[in-house]
Amino acid sequence: MGVTNDDAVLIEKGKKAGEPYVITVNCPDKTGLGCDICHTILEFGLYITRGDVSTDGIWCYVVLWVIPHSSSHVVRWMNLKERLQSICPPSIPSFYLNQPSQRASSSPVYLLKFCSLDRKGLLHDVTEVLDELELTIQRVKVTTTPDGYVLDLFFIKDNLELLHTKARQDETCERLYTVLGESCISCELQLAGPHCENLQGTSSLSSVAAEELFRFTLSEKEPRSQALSQDITELKRASVKTDNSLSPAHTLLQINCVDHKGFLYDIMRTLKDWNIKHKGGEKIVDPEKQDALCSRLKLELLHPLRVLITNRGPDTELLVANPVEVSGRGRPRVFYDVTFALKSLGICIFLAEIGRHSAADREWEIYRFLLDENCNFQLSSKVVRNQIVDKVRRALMGW
């Protein structure tokens, strides 16, 4: 009968302090399994330092060496193991055929509503609590009133699938009260209802903002507002090549570029969206298909996220965009990283929204932040705007 899902994932602690944890996944293969594994690892705030993947098209063996992105980040290793087990196909084929690919897809959406006094870093502190509780943000609506109060609406899903219990709901509100202290006025949790199950609302962008946000190419010329540091110059050296001479059955992909947070995930999601298998399919022999795949991979590694500051009427707006997988799933921890960067700069967020936008023949997840002008920065300054964009990009890329 083979192994069960309980035996499919093994997580071993490094033998010495500071050494990576070793994650081993041994289970039946499926198209996109590598992407699902890397997405989960990124969602838990982990960085892959080394990897080894082998498959015969039926069974796969994956070994990944991982470390936390931050030394202060607390990783719930047992929860990670359970999440990875949930995405592994069962070892009995008859049960595997109609198995849903994502357990969380059927999880109900809950509305977390709380009111508090505004302060710097508030939104990130709330996001950090939700992250620690393994509550995934589906959509958010943050509004600051003129008299200094904040009304936050978070549409969330529970990765532990326990939010229907009073104990879990009480734990969530108690953690928020603890972090926010006396500034927290009220906290409510309730089932969002069927009308909120599809939360990918449309994000309307101006034609000017959309053009600059999505016009990235592989040419040497970059939009001026985003060519802020030598990191982009380094990324220009990215090389993606195919080789059919080293294997009689497979096409070899050779990728050489600067590392970043989610690097392996960006490769795997691109291959998954192209429906490319490690083994069991055919070699890529068509030169046009080879060039198209290499160009797409290079573009995804060059610009996995787009960051832009623009004007929204009289206000200053920070836009962050990332491509959505064909399955409809977005990139994890984007909201967390952006709010962390803004908190580090001491910039308050007046309003925040998450939505979807279609451009360049694909769907994008759009994060919109109206920045509070009452801070220590002159937000109309080009130098200041470049500094903010650079700080946010570095947080997102793990630099």
Side-chain angles (χ1 to χ4, degrees), residues 45 68-74 114-132 137 140-154 175-185 187 209 213 225-231 260-261 305-322 333-354 366-399:
H69 283 294
S70 169
S71 58
S72 61
H73 180 65
V74 178
F114 70 90
C115 180
S116 69
L117 294 173
D118 193 18
R119 62 172 173 79
K120 291 180 180 179
L122 173 66
L123 190 53
H124 177 71
D125 291 343
V126 174
T127 304
E128 190 169 30
V129 170
L130 299 181
D131 178 71
E132 292 172 353
I137 300 173
V140 63
K141 179 77 172 181
V142 177
T143 305
T144 305
T145 64
D147 54 353
Y149 289 90
V150 175
L151 177 62
D152 289 356
L153 303 178
F154 283 87
R175 289 285 297 276
L176 286 171
Y177 276 120
T178 300
V179 170
L180 302 181
E182 296 180 356
S183 64
C184 187
I185 299 172
C187 176
L213 201 59
S225 64
Q226 306 205 29
L228 305 176
S229 65
Q230 292 300 313
D231 299 318
H260 65 258
K261 185 190 298 184
L305 299 120
R306 318 291 173 89
V307 185
L308 175 70
I309 281 190
T310 185
N311 294 324
R312 185 175 175 182
D315 301 313
T316 301
E317 183 175 46
L318 173 68
L319 298 172
V320 178
N322 61 265
R333 296 180 70 83
V334 174
F335 196 81
Y336 180 96
D337 288 336
V338 175
T339 55
F340 172 77
L342 294 177
K343 179 183 178 180
S344 300
L345 290 170
I347 296 176
C348 289
I349 299 168
F350 183 76
L351 185 145
E353 297 175 330
I354 304 175
I366 307 295
Y367 297 80
R368 311 181 68 161
F369 302 87
L370 282 186
L371 306 183
D372 193 344
E373 298 287 346
N374 298 320
C375 62
N376 298 326
F377 291 88
Q378 185 63 39
L379 297 180
S380 60
S381 165
K382 181 179 179 180
V383 174
V384 170
R385 290 189 172 198
N386 287 352
Q387 181 183 353
I388 295 171
V389 170
D390 192 62
K391 181 72 172 181
V392 170
R393 182 197 287 122
R394 289 177 180 275
L396 291 166
M397 301 291 276
W399 292 338

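Model, not experiment: these values are computed from the prediction.
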Visitor: Do L176 and V126 have side-chain heavy atoms sitting under 4.5 Å apart?
Guide: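 L176 reaches V126 side chain to side chain.
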Visitor: Can you name the side chain to side chain donor-acceptor pair (under 3.5 Å) partners of T127, sequence neighbours left out?
Guide: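 Testing T127 for side chain to side chain donor-acceptor pair (under 3.5 Å), a comparison that skips the adjacent residues, returns none.
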Visitor: Side-chain contact test, heavy atoms from C-beta onward, threshold under 4.5 Å: evaluate it for V338 versus L318 and give yes or no.
Guide: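 Result yes, sub-4.5 Å side-chain heavy-atom pair found.
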Visitor: Residues two or more places apart in sequence or in another chain: which of them pass salt bridge (charged side-chain N to carboxylate O under 4.0 Å, His left out) with E317?
Guide: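 So E317 forms a salt bridge (charged side-chain N to carboxylate O under 4.0 Å, His left out) with R312, R368.
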Visitor: To the nearest 0.5 angstrom, please state how far the CG atom of L122 sits from the CG atom of D152.
Guide: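 Interatomic distance, L122 CG to D152 CG, rounded to 0.5 Å: 6.0 Å.
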Visitor: Is L151 close to T145 at the side-chain level, that is, under 4.5 Å between some pair of heavy atoms?
Guide: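 T145 does not reach L151 side chain to side chain.
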Visitor: Of all the heavy-atom pairs spanning C348 and K120, show the shortest one and how long it is.
Guide: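 Minimum heavy-atom separation between C348 and K120: SG-CG, 3.2 Å.
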Visitor: Taking C-beta and beyond as the side chain, do L342 and I349 meet within less than 4.5 Å on heavy atoms?
Guide: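 Yes, at least one pair of side-chain atoms sits under 4.5 Å.
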Visitor: Take F369 and F335, measure what ring-ring contact (aromatic ring centres under 6.0 Å, His included) needs, and give me the verdict at the end.
Guide: CA-CA 10 Å; F369 302 87; F335 196 81; 5.6 Å; yes
Visitor: For Y367, check ring-ring contact (aromatic ring centres under 6.0 Å, His included) against everything at least two apart and list the hits.
Guide: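 Result, ring-ring contact (aromatic ring centres under 6.0 Å, His included) vs Y367: none returned.
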Visitor: Return the set of residues passing side-chain contact (heavy atoms from CB on, under 4.5 Å) with E182 (not counting sequence neighbours), or none when no residue passes.
Guide: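 In terms of side-chain contact (heavy atoms from CB on, under 4.5 Å), with neighbours along the sequence ignored, E182 is linked to no residue.
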Visitor: Using a 6.0 Å cut-off, check whether atom OH of Y336 has over 12 heavy atoms from anything other than its own residue.
Guide: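 Enclosed: over 12 neighbouring heavy atoms sit under 6.0 Å from OH of Y336.
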Visitor: Give the minimum heavy-atom separation between C187 and Y177, together with the two atoms involved.
Guide: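 So the two residues come closest at N-OH, 3.4 Å.
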Visitor: Can you find a heavy atom in the side chain of F377 that is under 4.5 Å from one in the side chain of I347?
Guide: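 Sidechains of I347 and F377: in contact.
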Visitor: Would you please name every residue forming a salt bridge (charged side-chain N to carboxylate O under 4.0 Å, His left out) with K261, sequence neighbours left out?
Guide: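 Applying salt bridge (charged side-chain N to carboxylate O under 4.0 Å, His left out) to K261 gives D337.
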Visitor: Can you find a heavy atom in the side chain of R393 that is under 4.5 Å from one in the side chain of W399?
Guide: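 In contact.
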Visitor: Listed by chain and number, what are the side chain to side chain donor-acceptor pair (under 3.5 Å) partners of H124, not counting sequence neighbours?
Guide: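 H124: side chain to side chain donor-acceptor pair (under 3.5 Å) contacts with T339.
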Visitor: Which residues pass the side-chain contact (heavy atoms from CB on, under 4.5 Å) test with F350, not counting sequence neighbours?
Guide: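 F350 satisfies side-chain contact (heavy atoms from CB on, under 4.5 Å) with T144, L370 only.
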Visitor: With side chains defined as the heavy atoms from C-beta onward, is the minimum distance between V142 and L351 less than 4.5 Å?
Guide: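 A side-chain contact under 4.5 Å is absent here.
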Visitor: About how many Å separate NZ of K141 and CZ of F154, when rounded to the nearest 0.5 Å?
Guide: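 Here the rounded value is 13.0 Å.
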Visitor: Distance from M397 atom CE to D390 atom CG, nearest 0.5 Å?
Guide: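 Atom-to-atom, M397:CE and D390:CG are 11.5 Å apart.
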Visitor: Output all residues satisfying side chain to side chain donor-acceptor pair (under 3.5 Å) with S380, sequence neighbours left out; order by chain, then residue number.
Guide: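 Residues passing side chain to side chain donor-acceptor pair (under 3.5 Å) with S380: Q378.
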Visitor: Checking T178 now: which residues fulfil side-chain contact (heavy atoms from CB on, under 4.5 Å) with it, not counting sequence neighbours?
Guide: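 For T178, no residue satisfies side-chain contact (heavy atoms from CB on, under 4.5 Å) once neighbours in sequence are set aside.
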Visitor: About how many Å separate CD1 of I388 and OG1 of T316, when rounded to the nearest 0.5 Å?
Guide: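 Between T316 OG1 and I388 CD1, I get 8.0 Å after rounding to 0.5 Å.
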Visitor: K391: what forms a side chain to side chain donor-acceptor pair (under 3.5 Å) with it, not counting sequence neighbours?
Guide: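 Side chain to side chain donor-acceptor pair (under 3.5 Å) check on K391 returns nothing, list empty.
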Visitor: Return the set of residues passing salt bridge (charged side-chain N to carboxylate O under 4.0 Å, His left out) with D131 (not counting sequence neighbours), or none when no residue passes.
Guide: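 For D131 the salt bridge (charged side-chain N to carboxylate O under 4.0 Å, His left out) partners, ignoring immediate neighbours, are R333.
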Visitor: Report yes if the side chains of L345 and Q387 come closer than 4.5 Å at any heavy-atom pair, otherwise no.
Guide: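 L345 reaches Q387 side chain to side chain.
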Visitor: Passes side-chain contact (heavy atoms from CB on, under 4.5 Å), V320 versus L396? Steps please.
Guide: CA-CA 10 Å; V320 178; L396 291 166; 3.9 Å; yes
Visitor: Minimum heavy-atom separation for C184 and S116, please, with both atom names.
Guide: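 Reported closest heavy-atom pair: CA-CB, 3.7 Å.
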Visitor: What's the shortest heavy-atom distance between R306 and L213, and which atoms?
Guide: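 Reported closest heavy-atom pair: NH1-O, 3.3 Å.
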Visitor: Among residues at least two apart in sequence or on other chains, which ones pass side-chain contact (heavy atoms from CB on, under 4.5 Å) with S183?
Guide: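 Listed in chain order: L117, R119, L180.
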Visitor: Return the CG to CG distance between D118 and L123, rounded to the nearest 0.5 Å.
Guide: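 CG of L123 is found 9.5 Å from CG of D118.
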